[in-house]
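Working notes, structure below.
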Amino acid sequence: KATTALFVVLMFVFSCTKENVSPDLDAGNDVLKKADAAKKVTKTWKIHDSSGTMGFIPSETCETEWQFTVQGTGHSTHLGNFTVQNFACTLGPPNFEFVEPIRGILTAANGDEIHTMVLGPPVEGVYHYVIQSDKCTGRFENAEGFIDMWGEFDFVNGTFDLEGLGEITY
């Protein structure tokens, strides 16, 4: 019996060959990406309040000479307290016609960002923003969705006070 056991052990030891085995790291990433995609959930996104300043300023980054800017703060579901920056290149006075969509960045207190873009002109006072999923960061990386914003724009004093409702998937 001891001889049989020794024979089995020796067969096992000598039948194995040493191979250099490298894991396929890309295959593991694909599995993780699929798992992350399966975890995404669509939720209601409400911006309770967002206010700040806005105006037309001379631009150093636009091909045109003017830029529309918005800076403010707010509070919403998923973001909590956030800062907002919107910007778009415009033609100069007197009409300040937009030559590109308004783009925005909403930054949560922890630094996670949702990037947005306004689609078209407002309809009945509502601005329709879509999420630019390829630019979002942190827990919002690859997020999808939209937010409709409405409220007061005071172009005389350069202020805004808005709220919004939409959906976000992340």
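For the numbers below, each heavy atom of this structure counts, side chains included, while hydrogens, waters and symmetry mates do not.
The side chain to side chain donor-acceptor pair (under 3.5 Å) search around S76 returns W45, not counting sequence neighbours.
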Audit row: T90, E100, side chain to side chain contact (heavy atoms under 4.5 Å, CB included) steps and yes/no: CA-CA 7 Å; T90 68; E100 66 180 23; over 6 Å; no

Evaluate side chain to side chain donor-acceptor pair (under 3.5 Å) for H75 paired with N81, printing each intermediate quantity in order. CA-CA 4 Å; H75 183 79; N81 291 327; 3.0 Å; yes

Check the pair F146 / H128 against ring-ring contact (aromatic ring centres under 6.0 Å, His included), numbers first and verdict last. CA-CA 7 Å; F146 71 93; H128 184 73; 5.4 Å; yes

Set out, in order, the CA-CA distance, both residues' side-chain angles and the distance that settles side chain to side chain contact (heavy atoms under 4.5 Å, CB included) for N86 and T69, then state yes or no. CA-CA 6 Å; N86 285 359; T69 63; over 6 Å; no

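The closest side-chain heavy-atom distance from P101 to V118 is not below 4.5 Å. Side-chain contact between T107 and T137: absent, with no pair of heavy atoms (C-beta onward) separated by less than 4.5 Å. Looking only at side-chain heavy atoms (C-beta outward), I131 and C136 come within less than 4.5 Å of each other. Side-chain contact between S50 and F160 is present, with at least one heavy-atom pair separated by less than 4.5 Å. In this structure, the side chains of L79 and T77 stay at 4.5 Å or more apart for every pair of heavy atoms. For the pair V99/L91, a side-chain contact is recorded, criterion being any heavy-atom separation below 4.5 Å from C-beta on. At a threshold of 4.5 Å between non-hydrogen side-chain atoms, the residues I47 and I147 count as touching.
At distances below 3.5 Å, not a single donor-acceptor pair connects side-chain atoms of R139 with backbone N or O atoms of Y170. Judged purely by atom type and a 3.5 angstrom limit, N95 has no side-chain atom pairing as donor or acceptor with the backbone of E97. Formation of a donor-acceptor pair under 3.5 Å by the N157 side chain with backbone atoms of T159 is not found in this model. With hydrogens and angles ignored, the 3.5 Å screen pairs a side-chain donor or acceptor of H78 with a backbone N or O of T44.
A cation-pi arrangement is absent between K135 and F140 under the rule of less than 6.0 angstrom and at most 45 degrees off the ring axis.
Residue M149 is grouped with residue F82 when hydrophobic side chains (ILVMFWY) are merged at heavy-atom distances under 4.5 angstrom, including chains of intermediate members. Criterion: ILVMFWY side-chain heavy atoms under 4.5 Å apart, direct or through other members. Under it, I105 and M54 are not part of a common hydrophobic cluster.
Between F68 and F96, the ring center distance fails the sub-6.0 Å criterion.
Aromatic ring pairs are classed by plane angle as parallel below 30°, tilted from 30° to 60° and perpendicular above 60°; the pair F56 and F155 is parallel. Using a 30° and 60° split on the angle between ring planes, Y129 and Y127 fall in the tilted class, from 30° to 60°.
Atom CG of L162 and atom NE2 of H48 lie 14.5 Å apart (nearest 0.5 Å). The line from CD of E167 to NZ of K43 is 12.5 Å long, rounded to the nearest 0.5 Å. For the atom pair L119 CG and D148 CG, the distance stands at 10.0 Å (nearest 0.5 Å).
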